[in-house]
Protein chains: 2
Amino acid sequence: MGASGAAVDAGRLPLRERKKLRTRQALVDTALELFTAREFDGVTLDELVDSVEVSKRTFFRYFASKEDVAIAAEAQLWQAYLDEFARAEPDGPFLTALRTALISALEGMDADWERRFIATRRLIGRTPALRDHSTLTSFKTQELLVSELETTLGVDSRDDVRLRLLGELALGAWRCGAKNWVRAERHSTRRGTGARASLIQRVEEAFDAIPASLTLCA
Amino acid sequence: MGASGAAVDAGRLPLRERKKLRTRQALVDTALELFTAREFDGVTLDELVDSVEVSKRTFFRYFASKEDVAIAAEAQLWQAYLDEFARAEPDGPFLTALRTALISALEGMDADWERRFIATRRLIGRTPALRDHSTLTSFKTQELLVSELETTLGVDSRDDVRLRLLGELALGAWRCGAKNWVRAERHSTRRGTGARASLIQRVEEAFDAIPASLTLCA
DNA sequence: CAACTTACGCCACTCAGTGGCATATTACAA
DNA sequence: TTGTAATATGCCACTGAGTGGCGTAAGTTG
């Protein structure tokens, strides 16, 4: 199937835009292949850039850093999460809304994303620089969600800590659920259960465990 | 008072060790001065290293990165927090223990630390690279606390999400409470209230608001 | 005052990331 | 079709963080 990647949806865009999408996708796909084969630290940007036949200068017009291109699949998920949450009708506890939007975003990703996401998470698991970058990205997503909450509620998060806490809780649950997911996926006894389903389950369990964790005693 | 810094407690250590402490402290103090005066990005490592009359090679034997030396005051707090929590007797809800240990650590820091910590937080506030690094440091502290919890409870955090959630909650509350602290401190109307007291109050409020945030509705 | 250990300085090097400017390519209008 | 504006790319020189290796200086111990 080659390095097809995320199918480059060319929804009748002007030629220039289609080319940009192609370049971007080529960078993402090639990066993941190279990093998977020879480790993140074992591949220089110049190598990646040569493989795709693009100048280094151009690379930095698409991505802010070497880490960014490596975790592109995660960024895609966060974008979907933000969209999902922005679209959602406010109703009931916000923590539930944050939870539901996250699960919906996960369920809405396509099959090719799943393949790339699994490979990405494996790579992150064995690359300290990427672990840090991935963690930071989840924190930035958290802050964007809080901004969204602010506009929805018309409240400044500086006046109500609860907004920020909601961000910490939602992405915190994600971080807990996602933590050893890929590692556990490897020697998963119950085959047939999709990898994504098990991730969703872990995240749901994390959300469920929040109240109990508050009162966990010695 | 010069660049005295954290008083370099030379508790009758061998000469070599005292020299190392002095060098380390000189790096920390000078870094904070230079970064405060001319911004983190406006000072190169070579400049810092020349000011302290130490080779760059030596610098990296003391600190892992340029960011590390800038947020040394935070690292000190985290070390105190870890010590405090390790010393604490397990009793009652763990979240309370985590909270108490954090507050105790804060209260236990000396006056010179407070001065440096305030300057550091201001610097962090206007330096994206340091914001990221600071966030990551809090996250790593969180993981160390979870390890401590694991040994205390004899439970692997992979088997019980609640341990990791406790880490997220404790440091999450810290992040929320500390967020706009220095900025707010500037135009604080109520003078007399110490800066540290207001930080502690903010963190306490964040911990208090956790239950309410769970049920916050539209 | 030796013999050992440990920290330091120096130097050359890698590599991510940037600024500036010339060039190529696409978009658009006549 | 052709001319022109807009924009993406390439090239090149450069900065600055971080590393490896090795010789030297200083502290430690008998």
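Below, read A as the first sequence line, B as the second, and so on, with proteins coming before strands; counting in each chain starts at 1. Any value given below was found using the heavy atoms of this structure, including those in side chains, with hydrogens, waters and symmetry copies removed. Bear in mind that the values here come from a model prediction, so they are computed numbers and not experimental data.
- Listed nucleotides: dG17(C), dT25(C), dT9(D). Nearest to the side chain of R16(A): dT25(C).
- A close approach under 4.0 Å does not occur between any side-chain nitrogen or oxygen of K19(B) and OP1 or OP2 of dA26(D).
- E47(A) comes within contact range of no nucleotide atom at all, as no heavy-atom separation falls under 4.0 Å.
- Here the P atom of nucleotide dC11(D) and the CZ atom of F59(A) are 17 Å apart, to the nearest Å.
- In this structure, CZ of F63(A) is placed 12 Å from P of dT9(D), rounded to the nearest angstrom.
- Among the nucleotides dC10(C), dA27(C), dG18(D), the one closest to the side chain of R57(B) is dC10(C).
- When the shell of 6.0 Å around CZ of R158(A) is examined, it contains 12 or fewer heavy atoms from other residues, nucleotides or ligands.
- Within the structure, every side-chain polar atom (N or O) of S55(A) is placed at least 4.0 Å from both OP1 and OP2 of dC11(D).
- Here dA16(C) presents its C1' atom at 6 Å from NZ of K56(A), a figure rounded to the nearest Å.
- Ring-centre distance between W174(A) and F207(A): not below the 6.0 Å cut-off.
- For R18(B) and dA26(D), the CZ to C1' distance is 14 Å, given to the nearest whole Å.
- Relative ring orientation between Y81(A) and F85(A) is described as perpendicular, the plane-to-plane angle rising above 60° on a 0-90° scale split at 30° and 60°.
- Here the nucleotide nearest the side chain of T44(A), chosen from dG18(D), dC15(C), dA27(C), is dC15(C).
- Atom-to-atom, CG of D68(A) to P of dA16(C) comes out at 14 Å; the value is rounded to the nearest Å.
- DNA chain D is contacted by both E17(A) and K66(B); E17(A) maps to the nucleotide lying nearer its 5′ end (nearest heavy atom per residue).
- Across the protein-nucleic acid pair, F60(B) atom CZ and dC10(C) atom P stand 16 Å apart, rounded to whole Å.
- Look at Y62(A) and you won't find any side-chain N or O under 4.0 angstrom from OP1 or OP2 of dA8(D).
- At a threshold of 4.0 angstrom between heavy atoms, the contacts of E53(A) are confined to the sugar-phosphate backbone, with no base atom among them.
- The T58(A) side chain lies nearest to dT9(D) when the options are dT9(D), dA16(C), dG18(D).
- Side-chain proximity of R61(B) to the nucleotides dG16(D), dG21(D), dT28(D) is greatest for dG21(D).
- For R61(B), the CZ atom counts as densely surrounded, since its 6.0 Å shell holds more than 12 non-hydrogen atoms of other residues, nucleotides or ligands.
- At the phosphate of dA8(D), OP1 or OP2 sits under 4.0 Å from a side-chain N or O atom of K20(A).
- Using a 3.5 Å distance cut-off with no hydrogens or angles, the side chains of S55(A) and T58(A) do pair a donor with an acceptor.
- In this structure, L21(B) atom CG and dG27(D) atom P are separated by 15 Å, rounded to whole Å.
- Put simply, CG on D41(B) is 13 Å from C1' on dT18(C), counting in whole angstrom units.
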